[in-house]
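These notes concern the structure reproduced below.
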Amino acid sequence: SGRGMEIVCVGLMGCLAFLVACQMRRPLVGFATYVILGLGYLSLVRGAYFGFDQLLPVFRPVLTLLLAGILSIVYQFAVAQVEKARLRRTLERQVSKELAAHILNQPEDYYNSLPGVRKPVTILFSDIRGFTTRSEKDDPVQLVKQLKEYLDAMCKVVFKYGGVVDKFIGDAVMAVWGNIKSEGPDQDARNAVAASVEMLERLHDLNEKWAAEGIDPYAIGIGLNHGEVIFGQMGSEEKQEMTVIGDPVNQAARLEGLTKKFGEGIVIGESVANFLGDQFRLRRIGAIRTKGKTEAAELYGVRGGKANGVDEEWIGRYHAGLDAFERGDVPAAAEIFRACAEEKPDDLVCHMYLEVIDAGETEGGALTMKEK
């Protein structure tokens with residue numbers, strides 16, 4: 001009957017609209033699809049009438065298709081906006097607003113990374129020295145307030161230079177350049193080092209402010225390393241996060257741990273130093289075999305900023321001593337290191353080399369770290 005045919009056509013149009021809605025990703029494309037389907041149905045009606053002398057229902061099936069299509073488009077758009085707002089809030093806790101906007105406008109790279117991809121990145125680890133001891137004796141309210149002020153300042157610097165705050169590990173900050181958006185490995189590395197220098201400068205300002213308020217200052221160490229890592233969504237079914245894993249990440253953490261031993265605010269690996277050119281003044285620490293590594297790698301301290309000034313003449317003499325040590329001229333190296341240590345008694349690297357020389361552990365020109 002005509003009534004039964006109309007019910008069948010309305011049902012088919014409703015199912016067709018639902019199937020299109022399930023596959024639709026862009027509202028404009030979806031709308032165009034519904035219009036094409038509507039025109040296609042009208043052509044079918046015309047063909048049935050003139051070719052087979054059959055009159056198919058027109059108004060209600062086409063109205064069903066268009067209304068279902070419009071409702072689907074509105075629903076999909078509303079869901080997309082809610083999801084976009086939720087993702088924006090999440091991202092803006094980890095990246096700058098500019099980088100968050102980039103991800104939201106071009107989400108393909110971000111979503112394609114979820115299962116896991118290999119990427120060359122620069123990793124930064126920073127940690128507050130002696131924080132565990134401070135946490136045992138400081139007033140909890142004051143400690144949390146000061147830590148929040150510190151972390152807010154550090155995050156702003158990371159965002160300023162296009163980095164991503166990967167996570168907080170207690171008082172430690174882990175940041176990454178190149179995981180979500182890269183300006184190229186060389187520029188990512190330079191941005192990370194520039195951020196490190198400014199982090200020390202910002203901390204210097206905070207310490208002056210805290211001293212005026214009668215609050216004990218912070219001292220931090222920053223380690224930077226570059227390499228290929230796995231970037232993706234890690235975790236369990238209940239809790240997941242986008243992060244990076246791999247040996248370059250572990251090495252960055254080791255370098256941060258060595259800042260205290262070397263007396264350097266910033267220690268970078270050779271993989272980072274190779275990208276810097278003459279943009280930063282570096283102090284070679286030497287060939288160091290970090291704990292857990294079999295091969296030695298050149299490490300560097302980054303000089304500059306309010307809290308880590310540059311003494312070009314002294315660094316030149318120190319480098320001459322390091323060159324002598326590495327080529328096996330131990331007496332010359334000892335003489336230079338002693339002179340440098342007398343001029344700067346607080347320099348831990350000079351004392352470290354003098355201890356190695358006095359102990360007779362100079363074979364190979366590389367030092368092995370027995371602790372992280």
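Values below: all heavy atoms of this structure, side chains included; hydrogens, waters and symmetry mates excluded. From a predicted model like this one, the values you see are computed outputs, not experimental measurements.
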**Request:** Starting from the C-alpha separation in whole Å, work towards a yes-or-no answer on side chain to side chain contact (heavy atoms under 4.5 Å, CB included) for Tyr300 and Ile285.
**Result:** CA-CA 5 Å; Tyr300 299 80; Ile285 295 172; 5.7 Å; no
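- Rounding to the nearest 0.5 angstrom, the gap separating the CE atom in Met199 from the CZ atom in Arg202 is 12.0 Å.
- Checked for salt-bridge contact, Arg317 and Glu313 meet the test: a charged N lies under 4.0 Å from a carboxylate O.
- With respect to Glu213 and Lys209, a salt bridge is recorded, a charged nitrogen being found less than 4.0 Å from a carboxylate O.
- Heavy atoms only, all atoms of each residue included: Phe168 and Cys155 are closest at CZ-SG, 3.3 Å.
- Side-chain atoms of Ile245 and Val229, non-hydrogen and from C-beta on, never get closer than 4.5 Å to each other.
- Counting heavy-atom neighbours within 6.0 Å of Lys148 NZ, excluding the residue itself, gives a total of 12 or less.
- In this structure, Val197 and Ile266 have side chains that are in contact, with non-hydrogen atoms separated by less than 4.5 Å.
- Using a 4.5 Å cut-off on side-chain heavy atoms (C-beta onward), Leu124 and Val176 make no contact.
- Looking only at distances, a side-chain donor or acceptor of Gln146 sits under 3.5 Å from a matching main-chain atom of Asp216.
- No side-chain N or O of Asp188 forms a donor-acceptor pair with one of Thr122 less than 3.5 Å apart.
- Scanning both residues, His226 and Val121, for their nearest heavy atoms gives ND1-O, 3.0 Å.
- Between Asp358 and Arg338 there is a salt bridge, since at least one side-chain N of the basic residue sits less than 4.0 Å from a carboxylate O of the acidic one.
- Across all non-hydrogen atoms, the minimal contact from Ala341 to Leu354 is CB-CD1, 4.2 Å.
- Remark: Arg284 engages Glu326 in a salt bridge, criterion side-chain N to carboxylate O under 4.0 Å.
- Using a 30° and 60° split on the angle between ring planes, Phe337 and Tyr318 fall in the tilted class, from 30° to 60°.
- Between Val173 and Leu151 there is a side-chain heavy-atom pair separated by less than 4.5 Å.
- Tyr353 and Leu348 fall into different hydrophobic clusters, where Ile, Leu, Val, Met, Phe, Trp and Tyr side chains are chained together by heavy-atom contacts under 4.5 Å.
- With rounding to the nearest 0.5 Å, the separation of CD in Glu355 from SG in Cys350 is 11.5 Å.
- Between the side chains of Asn191 and Gln187, at least one donor N or O lies within less than 3.5 Å of an accepting N or O.
- Between Arg283 and Asp347 there is a salt bridge, since at least one side-chain N of the basic residue sits less than 4.0 Å from a carboxylate O of the acidic one.
- Phe159 and Ile222 fall within a single hydrophobic cluster, where Ile, Leu, Val, Met, Phe, Trp and Tyr are joined by side-chain heavy atoms under 4.5 Å apart, directly or via other members.
- Considering only heavy atoms from C-beta on, Leu367 comes within 4.5 Å of Phe325 through its side chain.
- Ala324 approaches Ala332 most closely through the heavy-atom pair CB-CB, 4.2 Å.
- Tyr161 and Glu198 are linked by a side-chain donor-acceptor pair at a separation below 3.5 angstrom, with hydrogens and angles left out of the test.
- Note: Gln251 CD to Leu299 CG = 7.0 Å, rounded to the nearest 0.5 Å.
- Using a 4.0 Å cut-off between charged side-chain N and carboxylate O, Glu295 and Arg289 make no salt bridge.
- Judged purely by distance below 3.5 Å, without hydrogens or angles, the side chains of Glu256 and Ser126 never pair a donor atom with an acceptor atom.
- Trp210 and Glu149 are linked by a side-chain donor-acceptor pair at a separation below 3.5 angstrom, with hydrogens and angles left out of the test.
- Using modelled atom types, no side-chain atom of Asp138 and backbone atom of Leu143 make a donor-acceptor pair closer than 3.5 Å.
- A donor-acceptor pair under 3.5 Å is formed between the side chain of Trp314 and the backbone N or O of Cys340.
- A 4.5 Å side-chain heavy-atom check between Val244 and Met174 finds at least one atom pair inside the cut-off.
- No continuous path of hydrophobic side-chain contacts links Phe262 to Ile336 [ILVMFWY only; heavy atoms under 4.5 Å].
- Between atom NE2 of residue His319 and atom CD1 of residue Ile315 there is a gap of 6.0 Å, rounded to the nearest 0.5 Å.
- Residues Leu147 and Phe131 come closest through the heavy atom pair CD2-CZ, 3.9 Å.
- Rounding to the nearest 0.5 Å places CG of Asn225 at 9.5 Å from CD1 of Ile268.
- Looking at Tyr218 and Asn207, their side chains come closer than 4.5 Å, going by heavy atoms from C-beta outward.
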**Item:** Residue pair Asp329, Glu335: steps toward the side chain to side chain contact (heavy atoms under 4.5 Å, CB included) verdict
**Value:** CA-CA 10 Å; Asp329 190 352; Glu335 182 180 352; over 6 Å; no
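- Within the 4.5 Å cutoff, no side-chain heavy atoms of Asp127 are placed close to those of Ile220.
- The structure places CG of Leu322 at 7.0 Å from CD of Glu298, a figure rounded to the nearest 0.5 Å.
- Salt-bridge check for Arg281 with Glu312: passed, with a basic side-chain N closer than 4.0 Å to an acidic carboxylate O.
- With hydrophobic clusters built from ILVMFWY side chains whose heavy atoms lie under 4.5 angstrom apart, Leu282 does not share a cluster with Phe275.
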**Prompt:** Could you go step by step and tell me if Asp186 and Arg190 meet the salt bridge (Lys or Arg N to Asp or Glu O under 4.0 Å) rule?
**Reply:** CA-CA 6 Å; Asp186 52 347; Arg190 288 195 286 267; 3.6 Å; yes
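- Applying the 6.0 Å contact sphere to CZ of Arg129 captures more than 12 heavy atoms from other residues, nucleotides or ligands.
- Listed here is the closest heavy atom pair of Ser196 and Leu224: OG-CD1, 3.2 Å.
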